[in-house]
A.B. asks: 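For reference, the structure I am asking about is given below.
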Amino acid sequence: MHRWSISPRAATRLQCRLAERIRCDPLPTNIRFVAGADLAFSADGRRCLGGVVLYDLKERLVIEQTLAWRPTRFPYVPGLLSFREAPAVLAAVRKLKGIPDVFILDAHGVAHPRRMGLAAHIGLLMDRPTIGCAKSRLCGRHVDPPAQVGRSTPLIDRNEIVGAVLRTRPGVKPVYVSRGHRVTLVDAVRVVIACVGRYRLPEPTRQAHILVPRHRHDG
DNA sequence: GCGACAG
DNA sequence: ATCTTGTCGC
């Protein structure tokens, strides 16, 4: 595990080094437990609260939730999000008793200028499968996916398919799905689709989105 | 030099 | 991310 308090320059170099270690493996069949993670900040922005929910895809229920505060040690810099958010998310993950089959992060995986978005970075450090499911684009080009739910178009960056722009709801802005660590793009899209209920974001992510801001004023 | 830019 | 009410639409 490397340290998080480094310069933006060093962070960028580290990303290039870590990116070589990202694996692309098929997920086991019959995925049942999917974790969703998110983060919120204290009013003064000096601390951040990481939160994780464990979602049972079979029962369609949240079965566990964890929270963890960490000092905010890095500014928001597009492309360096993990150095700001990963410590709090990892701290919350460590408190989890259950073992998720895969984690969905509210950010990009390899759909990143150096193929090392938050989802990829966290997956590598946990050595667990992770999926990036972001609400907007960081890099790459694409055309709009067809209107039908479940359909997608490739997200292409520097002549490489780095993700899928996926329609999760009719008539609603699509989401950006990409591989994190130890997953294939096809499996990543499959899991996200399987997790989508009646909203745009997959349920684990949405539940984490609801959980974390609710505890912003606690610790 | 000029845009683009996860959360 | 966060500050914030009403409002348009199914």
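The chains referred to below are lettered A, B, ... by the order of the sequence lines, with proteins before strands, and numbering in each begins at 1.
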A.B. asks: Under 4.0 Å from OP1 or OP2 of dC5(B): is there any side-chain N or O of S136(A) that close?
C.D. replies: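 No, S136(A) has no side-chain N/O under 4.0 Å of OP1/OP2 on dC5(B).
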
A.B. asks: Can you confirm if the NZ or CZ of R73(A) lies within 45° of the ring axis of W4(A) and under 6.0 Å from the centre of its six-membered ring?
C.D. replies: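 Judged by the rule (NZ or CZ under 6.0 Å from the ring centre, within 45° of its axis), R73(A) is not positioned above W4(A).
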
A.B. asks: Expressed in angstrom and rounded to an integer, what is the separation of L118(A) atom CG from dG7(B) atom P?
C.D. replies: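 About 10 Å, once rounded to whole Å.
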
A.B. asks: Between R198(A) and dC10(C), does any side-chain N or O lie under 4.0 Å from OP1 or OP2?
C.D. replies: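 False: R198(A) side-chain N/O out of range (4.0 Å or more) of dC10(C) OP1/OP2.
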
A.B. asks: Starting at atom CZ of F41(A), determine the distance to atom C1' of dC3(C), rounded to an integer number of angstrom.
C.D. replies: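 In whole Å, dC3(C) C1' and F41(A) CZ are 15 Å from each other.
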
A.B. asks: Report, as yes or no, whether the 6.0 Å neighbourhood of atom CZ on R158(A) holds more than 12 heavy atoms from other residues, nucleotides or ligands.
C.D. replies: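 Result for CZ/R158(A): enclosed.
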
A.B. asks: Taking the six-membered ring for Trp, are H108(A) and Y176(A) parallel (under 30°), tilted (30 to 60°) or perpendicular (over 60°)?
C.D. replies: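 Rings of H108(A) and Y176(A): perpendicular, as their planes differ by over 60°.
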
A.B. asks: Decide if the gap between the ring center of H2(A) and the ring center of H121(A) is smaller than 6.0 angstrom.
C.D. replies: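 That pair passes the under 6.0 Å test.
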
A.B. asks: Would you tell me if any nitrogen or oxygen in the side chain of Y76(A) comes within less than 4.0 Å of OP1 or OP2 on dA6(B)?
C.D. replies: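 Answer yes for this pair, as a side-chain N or O of Y76(A) is under 4.0 Å from OP1 or OP2.
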
A.B. asks: Hey, does the side chain of R137(A) come within less than 4.0 Å of dA6(B)'s phosphate (OP1/OP2), counting only N and O?
C.D. replies: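 No.
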
A.B. asks: Please determine if R206(A) forms a cation-pi arrangement with Y199(A), meaning its NZ or CZ atom is less than 6.0 Å from the six-membered ring centre and no more than 45° off the ring axis.
C.D. replies: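 Yes, R206(A) sits over the ring of Y199(A).
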
A.B. asks: Nearest to the R216(A) side chain among dA6(B), dA1(C), dC3(C), which nucleotide is it?
C.D. replies: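 It is dC3(C).
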
A.B. asks: In whole Å, I'd like the distance from the CZ atom of R47(A) to the C1' atom of dT2(C).
C.D. replies: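 To the nearest whole Å, that distance equals 16 Å.
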
A.B. asks: Measure the distance from CD on Q15(A) to P on dC5(B) and round it to the nearest whole Å.
C.D. replies: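 My rounded result for the distance is 18 Å.
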
A.B. asks: What nucleic acid atoms does A40(A) come within less than 4.0 Å of, heavy atoms only: base, sugar-phosphate, or nothing?
C.D. replies: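 Contact class for A40(A): sugar-phosphate only.
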
A.B. asks: Looking only at side-chain atoms of A134(A), point me to the closest of dA4(B), dA6(B), dA1(C).
C.D. replies: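 Within the option list, the nearest is dA6(B).
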
A.B. asks: If only side-chain N and O atoms of K135(A) are considered, is one of them under 4.0 Å from the OP1 or OP2 phosphate oxygen of dA6(B)?
C.D. replies: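 No, because none of the side-chain N or O atoms of K135(A) sits under 4.0 Å from OP1 or OP2 of dA6(B).
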
A.B. asks: Heavy atoms only, 4.0 Å cut-off, all strands: where does G79(A) land among base, sugar-phosphate and nothing?
C.D. replies: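 Base, at least one base atom sits under 4.0 Å.
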
A.B. asks: Could you state the CG-P distance from D157(A) to dA4(B), rounded to the nearest angstrom?
C.D. replies: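 Atom CG in D157(A) sits about 16 Å away from atom P in dA4(B).
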
A.B. asks: In whole angstrom, what separates L49(A)'s CG from dT2(C)'s C1'?
C.D. replies: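 Distance, rounded to whole Å: 15 Å.
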
A.B. asks: For L80(A) and dG7(B), give me the distance from atom CG to atom C1', rounded to whole Å.
C.D. replies: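 Atom-to-atom, L80(A) to dG7(B), this comes out as 12 Å.
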
A.B. asks: Measure CZ/F74(A) against P/dA6(B) and give the value in whole Å, please.
C.D. replies: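 So the two atoms are 15 Å apart, to the nearest Å.
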
A.B. asks: Heavy atoms from C-beta onward define the side chain here; which of dC5(B), dA6(B), dG7(B) lies closest to that of H112(A)?
C.D. replies: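 The answer is dA6(B), which lies nearest to the side chain.
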
